[in-house]
Amino acid sequence: DQQVKQNSPSLSVQEGRISILNCDYTNSMFDYFLWYKKYPAEGPTFLISISSIKDKNEDGRFTVFLNKSAKHLSLHIVPSQPGDSAVYFCAGTTSGTYKYIFGTGTRLKVLA
Amino acid sequence: DTEVTQTPKHLVMGMTNKKSLKCEQHMGHRAMYWYKQKAKKPPELMFVYSYEKLSINESVPSRFSPECPNSSLLNLHLHALQPEDSALYLCASSQGPGLAGSSSYNEQFFGPGTRLTVL
């Protein structure tokens, strides 16, 4: 039962362009979503989050959009930089619980 | 200090060995977590400690034994592991899960992981 899905295992984008990473979820109890970035041989690093009471959250080059009716969120990176090349995981959770459910990840490659 | 540290970075052990993984944080977080991550898969939750008490055990085999000696330290004791237990073991910490129904959350901060190989 895959409660969080990232249907694109990989994505290549030219430097300076927009990267859009997508995530779908099925659990309607999730009220908080997070994006993590992971480099090889390192632990995931928190990137940005969004509460279900919002539809957009921005932090510098990173913006997360949430469409609750479609149970879909996306991460936009503008402009993309080669250092953004990593695996990106989205995660859903329910406030008051400890469990994150992670998606399977999308490997982003930003080409110089 | 906003770091979660883990030792060792790499560990190779035989199926009859006993070893321990260690995790430490000094952010004053009261929740600590162990995750297991296999190649090309998402991290999977194993255990959660909240205020030094085991809060969640995700039906993990008893050959994995967690321990939380104090609020800053988390150990994972390993005994009689199988080759399929080879994975990246990640520790994380957070202030807690946020208030139920509040749509707020406290992010989990991850350590770099221990790459475990069981021969």
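Chain naming here is simple, since letters A, B, ... match the order of the sequence lines and numbering starts at 1 in each.
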*Just give me the residue among A:Val87, A:Thr97, A:Ile101 that pairs up with chain B most often, heavy atom to heavy atom, under 4.5 Å.*
A:Thr97
_Electrostatic pair B:Lys38-B:Glu84, nearest N-O below 4.0 angstrom_ = no
_Quick test of your reading of the model: are A:Arg61 and A:Asp84 salt-bridged, counting only N-O distances below 4.0 Å?_
yes
*asked:* Salt bridge or not between B:Lys22 and B:Glu24? Use side-chain N to carboxylate O under 4.0 Å.
replied: no
*Is there a salt bridge (charged side-chain N to carboxylate O under 4.0 Å, His left out) between B:Asp85 and B:Arg63 once you walk through the steps?*
CA-CA 10 Å; B:Asp85 296 321; B:Arg63 56 186 185 269; 2.8 Å; yes
*CG of A:Leu47 to NZ of A:Lys37: how many Å apart, nearest 0.5 Å?*
6.5 Å
_Toward chain B, the part of A:Phe89 with a non-hydrogen atom under 4.5 Å_ = side chain
*asked:* Is A:Lys38 in contact with chain B via its backbone, its side chain, both, or neither, using a 4.5 Å heavy-atom distance?
replied: side chain
*Return the option, out of B:Gln37, B:Lys41, B:Glu44, B:Lys40, with the maximum number of heavy-atom pairs under 4.5 Å with chain A.*
B:Gln37
*Side chain from CB out, backbone as N, CA, C, O: work out which of these in A:Thr104 comes under 4.5 Å of a heavy atom of chain B, or both, or neither.*
both
*Part of B:Ser94 within contact of chain A (heavy atom distance under 4.5 Å)*: neither
*Do the ring planes of B:Phe110 and A:Phe102 sit parallel (below 30°), tilted (30 to 60°) or perpendicular (above 60°)?*
perpendicular
*A:Phe30 portion near chain B, given a 4.5 angstrom heavy-atom threshold*: neither
